[in-house]
**Student:** 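Right, I'll just put the structure down here and ask away after.
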Amino acid sequence: MSILIKGGRVITAADDYVADIFVESERVSLIGESLDLQADRVIDAAGKYVLPGCVDPHTHLDMPFGGTVTADDFESGQTSAAFGGTTCHVDFVIQAKGQSFAEALDTWHGKREGKAVIDNGFHMAVTDLSEGGSLQELASLPDQGVTSYKLFMAYKGALMVDDETLFRTMQVASETGALVMVHAENGDAIDVLVEQALAEGRTEPHFHALTRPPETEGEATNRAIQLARVAGSPLYVVHVSCKDAIDPIARAREAGWNTWGETCTQYFFIDYSFLERPDFEGAKYVYTPPPRGKEHQEHLWNAVRTDTLSVISTDHCAFRWDGQKTMGRDDFSKIPNGGPGIENRLHMIHEFGVRSGRLTLHRMVELLATSPAKLFGLYPKKGTIAVGSDADLVLFDPDKRVTLSADTHRSKADYNLYEGTEVTGAPVTVLLRGQVLVDEGELVARPGIGRFVKRARFGERLNEVRAEAVA
Ligand code: URP
Ligand code: ZN
Ligand code: ZN
């Protein structure tokens with residue numbers, strides 16, 4: 001199947017020009033002016049942006065968590081992603097205590113089998129190095145294309161690891177070329193605060209935020225940065241929510257240490273006051289780190305503008321309000337932590353980042369596609385539009401008006417974090433490796449089309465890996 005995309009405004013992290021794009025054998029094979037070529041399908045892209053498919057490096061599909069399982073499996077979650085212009089994501093395999101990494105990885109491969117609508121890779125969330133996976137097994141994961149290790153410094157009694165596990169994993173990463181990712185919060189201090197709040201009868205959703213103050217995020221971020229320096233591993237701090245965590249990342253980056261940070265769409269828009277909404281509606285905004293005071297939002301915009309933070313992900317971890325969030329009606333610590341968002345990242349960042357003048361179109365593409373692809377070993381196959389890259393393309397209509405709502409989103413979540421928000425600009429046609437996935441508001445591809453992507457090691461480019469394999 002060949003496709004000729006005519007006259008779109010091609011926008012990458014570096015370029016902005018009007019051109020035709022010829023797609024063949026899953027890849028972009030030619031870019032030029034007025035291409036006169038026969039194709040199975042011609043798409044008129046006049047007046048539209050042609051963007052690289054967005055890459056979401058932080059999602060949780062079909063994940064057991066907080067006494068339940070996330071509402072979106074690979075089919076509904078990836079369908080939702082596709083409608084939002086995301087064609088590749090990296091999801092977290094969670095090693096259960098006592099489980100080997102191979103068993104955990106097999107389980108997650110099984111979850112996507114026959115359901116995948118877009119491409120995805122996996123990170124390995126390390127929870128147990130004493131009785132579960134060994135250091136040797138951890139070291140072998142990059143050979144299987146799993147080139148990032150994730151550690152939770154919070155969620156005591158569940159996913160949290162101690163500093164020894166964190167540090168040993170960092171040492172393995174420094175040898176294997178994997179990227180270490182941390183959920184940076186001081187889980188011990190938070191556990192004490194939660195216990196004390198509950199003992200005082202403070203059970204409502206907003207105590208989720210009051211028991212996880214910004215200082216606990218700042219402390220853990222700094223600790224992870226310093227430990228990564230000692231171990232000699234690169235570090236990526238996920239879902240940065242506040243100035244207290246931005247500051248140590250800024251210092252580290254100024255000093256030239258191998259530190260990167262990510263924030264998520266919701267932290268720009270949802271603040272602490274949402275947790276105080278009556279009738280338990282606040283539970284919709286119980287995710288971790290929690291929504292912060294409004295004053296943190298300008299710090300986040302500034303950080304993504306200046307590359308103190310290099311990626312905007314979604315941390316899509318959807319639960320239904322009815323039946324899942326309500327498990328914590330009488331105890332905020334029992335509300336499953338997480339929110340939906342995989343479908344609306346591009347809508348929201350285009351509207352409030354680009355259209356409101358905070359970010360250039362190039363920077364938006366960099367934050368949503370190019371940087372995550374580079375950091376997570378997917379570039380230049382993913383994350384840009386270039387001859388030889390996967391033809392993961394988003395035709396984006398900058399004039400299309402949409403109202404974001406749970407009534408129309410494809411996630412199984414029964415609420416939308418941005419309910420009722422009107423945006424101008426939306427993806428209209430989305431291609432995955434040259435196959436049309438979404439066409440004028442309809443899903444046209446069948447589940448099963450998405451592939452597992454083996455990722456290159458940190459700092460190694462995928463085409464170098466390919467070249468080595470051929471030599
Ligand atoms: O609340 C959140 N973020 N849930 C997903 C797990 C995590 O911490 O990323
Ligand atoms: Zn987290
Ligand atoms: Zn997460």
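Both counts, for ligands and for their atoms, begin at 1 and track the order of listing. Nothing fancy with the numbering, it's 1 onward along the sequence.
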**Student:** I want to know whether H58 and F92 have ring centres closer than 6.0 Å.
**Tutor:** yes

**Student:** Counting backbone and side chain alike, does C317 bring an N/O/S atom below 2.8 Å of the Zn ion (ligand 3)?
**Tutor:**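 No, outside the cut-off.
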
**Student:** Would you check if the distance from the ring center of W301 to the ring center of Y267 is below 6.0 Å?
**Tutor:** no

**Student:** Just by distance, no angles: are the side chains of S140 and D143 close enough, under 3.5 Å, to form a donor-acceptor pair?
**Tutor:** no

**Student:** Which residue supplies the protein heavy atom nearest to atom 7 (C) of ligand 1, what is that atom called, and how far is it?
**Tutor:**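 Nearest protein contact, heavy atoms only, for atom 7 (C) of ligand 1 is Y155 OH, 3.4 Å.
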
**Student:** Applying side chain to side chain donor-acceptor pair (under 3.5 Å), name anything that partners K97, two or more places apart in sequence or on another chain.
**Tutor:**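 Listed in chain order: nothing, the list is empty.
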
**Student:** Please report whether the ring centroid of Y155 lies less than 6.0 Å from that of H183.
**Tutor:** yes

**Student:** Which atoms of ligand 1 have any heavy atom of H60 under 4.0 Å away?
**Tutor:**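 With H60 as reference, the close atoms of ligand 1 come out as 5 (C), 6 (C), 7 (C), 9 (O).
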
**Student:** Quick one: which ligand 1 atoms are inside 4.0 Å of a heavy atom on D315?
**Tutor:** 2 (C), 3 (N), 5 (C), 9 (O)

**Student:** Which residue and non-hydrogen atom of the protein lie closest to atom 1 (O) of ligand 1, and at what distance in Å?
**Tutor:** T288 N, 2.8 Å

**Student:** Note the single closest protein heavy atom to atom 4 (N) of ligand 1, along with its residue, its atom name and the distance in Å.
**Tutor:** N337 O, 3.0 Å

**Student:** Check K382 with D119, please: is the shortest side-chain N to carboxylate O separation under 4.0 Å?
**Tutor:**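 Answer for the salt bridge query: yes.
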
**Student:** Given D62, which partner from the list D72, V69, T107 fulfils the side-chain contact (heavy atoms from CB on, under 4.5 Å) test?
**Tutor:** V69

**Student:** Which residues and atoms, counting only protein N, O or S, are under 2.8 Å from the Zn ion (ligand 2)?
**Tutor:** H183 ND1, H239 NE2

**Student:** Do NZ/NE/NH1/NH2 and the carboxylate oxygens of R212 and E185 come within less than 4.0 Å?
**Tutor:**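 Yes, charged N to carboxylate O under 4.0 Å.
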
**Student:** Find the distance between CZ (F65) and SG (C317) and round it off to the nearest 0.5 Å.
**Tutor:** 6.0 Å

**Student:** Any nitrogen or oxygen of G338 lying under 3.5 Å from a nitrogen or oxygen in ligand 1? Just yes or no.
**Tutor:** yes

**Student:** Below 4.0 angstrom, N of the basic side chain to O of the carboxylate: do R363 and D307 qualify?
**Tutor:** yes

**Student:** Should you measure from each heavy atom of Y287, which atoms of ligand 1 turn up under 4.0 Å away?
**Tutor:** 1 (O)

